[in-house]
Amino acid sequence: MAKTTTIPTKPFLFLRDKSPFIAAAVASLLILSALWSFIKQAPSSPTATRGCATTTTTTESRDTTFYDDPSLSYSIGSPLKNWDEKRQQWLHHHPSFAAAATGVLMNRVVVVTGSQPPPCENPVGDLLLLRLFKNKVDYCRIQGHDIFYNNAFLHQEMTSVWAKLPPVRAAMVAHPEAEWVLWLDSDAVVTDMEFKLPFEKYGNHNFVVNGWEDMIYEKRSWLGLNTGIFLIRNCQWSIDFIETWASLGPANPNHDELKEIIRATLTDKEFPGDEQSALVYLMLKEKEKWGEKVFIENGYSFSGYWVGIVDGFERIEERYRAVEAAASGLRRRRGEAVSWWYGEMREVYLKGTTDGSGGWRRPFITHFTGCQPCSGHHDPSYGRESCWNGMERALNFADNQVLRNYGFVHDGLGNSSFVSPLQFDSPA
């Protein structure tokens, strides 16, 4: 269901027609620029080295903060007031985080994901969940994000699809230093490890979700957005927004009546007991209250529909190899800790293209909507094997981007077990 744009451009070809000295100069400038950015963002915490071990010295403030209030609750259904002020107070008592929050590292992110407590019914479900989690850990390590994986119900009534809201609410309280919380469904695969969220687009917004405004506000469709992935700012607005959203769910004693109201409002949902239908309903009924701060994202694959993506991975890899064949700086071996600024350098050659049909940029998220890897109860409109094979291809496509920093690459996207060493100065 991803909305795509066709831009048939080949931005990397210009280097083939120019002097190699110009190409070298461009690459050198990019490397110097990225290195300067890296130096500016280097942590200022004191370090101590002994033998092979390097440790960072941190000190916890003994000053009273909101954590010392016995009435503080991490749970949905319990009021949390003056959260913006409480966060600022905590940052004041922890100046290393406060400096980051007001400088180049202000958009700190905590990724929240998880799965439900019971073992998977699908024979390969637990393995898939492990690999899906590894994928998210890899992305967070490369991008410098924190991650919280939860597989317990944090609210007794909020289970199944509603189980995502309680850990997001709890993560806001547990991480006052973080400006954003990024929720990723377990069946979402990060397929561009270099991708940086475009925070500059979201400066005046507090909630980002994939969708299309006409489908929400004109067609009143429950498919107008996808709540499997969303980005939410850590602020009082978001605390109130989640509380209101959750009030439409099973924790509300009038939930059965609400489901009938939602069904009468939406045009295409027969059994609207899910959190996605509830959010569309909330957007329709209280647009004036919440809509101004909600960003409906469809400019890139924030939640790319897997069916239209997985068969194109080899084509994307071929185009990226062509870029690296033309730009020797991108072929350098490097430490994983600085791989992010090679991603910034690559942006010069990606300019003018997009992901999706007609483009060749890696999709940020490939979302296996309807596949249900743990239960195995996939949508009957596509076969079981297409789901699992598609996941394996997406996971190996992403894993190739990780393994190249360790000197290896998968022999094929359908082969998860075996890898081959990368040759020196070879496009990945």
Side-chain angles (χ1 to χ4, degrees), residues 58-102 106-114 116-117 145-184 205-208 227 230-255 257-258 275 278-279 282 285-286 289-290 292-294:
T58 58
T59 304
E60 165 63 10
S61 171
R62 295 181 180 273
D63 296 318
T64 300
T65 70
F66 64 86
Y67 287 117
D68 299 294
D69 182 354
S71 66
L72 173 70
S73 174
Y74 294 78
S75 299
I76 284 175
S78 302
L80 179 58
K81 302 298 182 183
N82 303 316
W83 178 234
D84 296 335
E85 291 79 5
K86 289 173 180 176
R87 281 190 66 216
Q88 288 303 314
Q89 179 197 48
W90 188 91
L91 289 169
H92 175 74
H93 293 309
H94 298 78
S96 60
F97 292 111
T102 56
M106 66 178 298
N107 289 311
R108 295 177 67 97
V109 176
V110 175
V111 172
V112 180
T113 185
Q116 297 186 16
H145 301 332
D146 291 320
I147 187 168
F148 171 47
Y149 188 97
N150 176 61
N151 65 343
F153 294 127
L154 301 189
H155 193 291
Q156 187 173 356
E157 284 81 24
M158 302 190 74
T159 60
S160 186
V161 295
W162 289 93
K164 66 186 65 172
L165 297 186
V168 169
R169 163 69 154 77
M172 290 181 178
V173 181
H175 286 275
E177 82 286 358
E179 182 68 11
W180 296 95
V181 174
L182 174 62
W183 168 264
L184 296 176
H205 299 85
N206 296 331
F207 185 79
V208 182
T227 54
F230 61 82
L231 181 70
I232 189 165
R233 193 184 295 275
N234 193 358
C235 64
Q236 184 67 54
W237 182 96
S238 299
I239 294 288
D240 297 338
F241 182 71
I242 286 183
E243 197 71 34
T244 304
W245 184 5
S247 71
L248 300 173
N252 190 319
N254 299 317
H255 188 223
E257 296 177 19
L258 284 169
E275 92 294 4
L279 183 56
L282 181 62
K285 292 301 179 181
E286 298 189 13
K289 183 176 182 180
W290 308 108
E292 183 179 344
K293 295 295 184 180
V294 175

Worksheet item: Less than 4.5 Å apart, any side-chain heavy atom of Asn234 and any of Trp83?
Response: yes

Worksheet, complete the sentence: Nearest heavy-atom contact between Ala174 and Tyr74 is N-CE2, 4.2 Å

Practice prompt. To the nearest 0.5 Å, tell me how far Ile239 CD1 sits from Ile232 CD1.
Written response: 8.0 Å

Practice prompt. List for me each residue that meets ring pair (Phe, Tyr, Trp, His ring centres under 6.0 Å) alongside His145, sequence neighbours excluded, and say none if there are none.
Written response: Tyr139

Discussion item. Could you check whether any side-chain heavy atom of Gln116 comes within less than 4.5 Å of a side-chain heavy atom of Ser160, counting everything from C-beta outward?
Written reply: yes

Practice prompt. Work out which heavy atom in Pro167 is nearest to a heavy atom in Phe148; give both atom names and the distance.
Written response: CB-CE2, 4.0 Å

Worksheet item: Measuring from Asp63:CG to His93:NE2, what's the distance to the nearest 0.5 Å?
Response: 4.5 Å

Fill in: Closest heavy-atom pair and its distance - Trp180, Arg233
CZ2-NH2, 3.2 Å

Worksheet item: Do Lys86 and Leu72 have side chains that get closer than 4.5 Å, going by heavy atoms?
Response: no

Worksheet item: Do the side chain of Arg108 and the main chain of Glu179 share a donor and acceptor less than 3.5 angstrom apart?
Response: no

Worksheet, complete the sentence: Here the gap from Thr65 atom OG1 to Arg87 atom CZ, rounded to the nearest 0.5 Å, amounts to 13.5 Å

Item to complete: Grab the two heavy atoms, one from Trp162 and one from Ala246, that are nearest each other, plus how far apart they are.
Response: CZ3-CA, 4.1 Å

Worksheet item: Do Asp240 and Gln236 meet the criterion of a side-chain donor-acceptor pair at a distance under 3.5 Å?
Response: yes

Response to the item:
CE (Met172) and SG (Cys235) are apart, to the nearest 0.5 Å, by 7.0 Å

Discussion item. Going by side chain to side chain contact (heavy atoms under 4.5 Å, CB included), name the residues that satisfy it together with Ala163, two or more places apart in sequence or in a different chain.
Written reply: Phe153

Discussion item. Determine whether a donor-acceptor pair (N or O, by modelled atom type, separation under 3.5 Å) exists between the side chain of His94 and the backbone of Trp90.
Written reply: yes

Worksheet item: Does Ser71 have any side chain to side chain donor-acceptor pair (under 3.5 Å) partners at least two apart in sequence or in another chain, and if so, which?
Response: Asp69

Worksheet item: Roughly how far apart are Trp245 CH2 and Leu282 CG, rounded to 0.5 Å?
Response: 9.0 Å

Worksheet item: Which pair of non-hydrogen atoms, one from Pro250 and one from Met158, has the smallest distance, and what is that distance?
Response: CG-CA, 4.4 Å

Item to complete: Quick one: do Val173 and Phe66 satisfy side chain to side chain contact (heavy atoms under 4.5 Å, CB included)? Show the steps, please.
Response: CA-CA 10 Å; Val173 181; Phe66 64 86; 4.2 Å; yes

Worksheet item: To the nearest 0.5 Å, what is the distance between CD (Glu243) and OG (Ser78)?
Response: 7.5 Å

Item to complete: Under the side chain to side chain donor-acceptor pair (under 3.5 Å) rule, collect the residues that match up with Asp146, sequence neighbours excluded.
Response: none

Fill in: is_close_aromatic(Trp237, Phe207), centroid dist under 6.0 Å
no

Worksheet item: Listed by chain and number, what are the ring pair (Phe, Tyr, Trp, His ring centres under 6.0 Å) partners of His205, not counting sequence neighbours?
Response: Phe295

Fill in: Heavy-atom side-chain proximity of Leu184 to Val111 below 4.5 angstrom
yes

Discussion item. Applying salt bridge (Lys or Arg N to Asp or Glu O under 4.0 Å), can you list everything that pairs with Glu275, at least two apart in sequence or on another chain?
Written reply: Lys164

Fill in: For the student: nearest non-hydrogen atoms of Val110 and Ala178, plus distance
CG2-CB, 3.6 Å

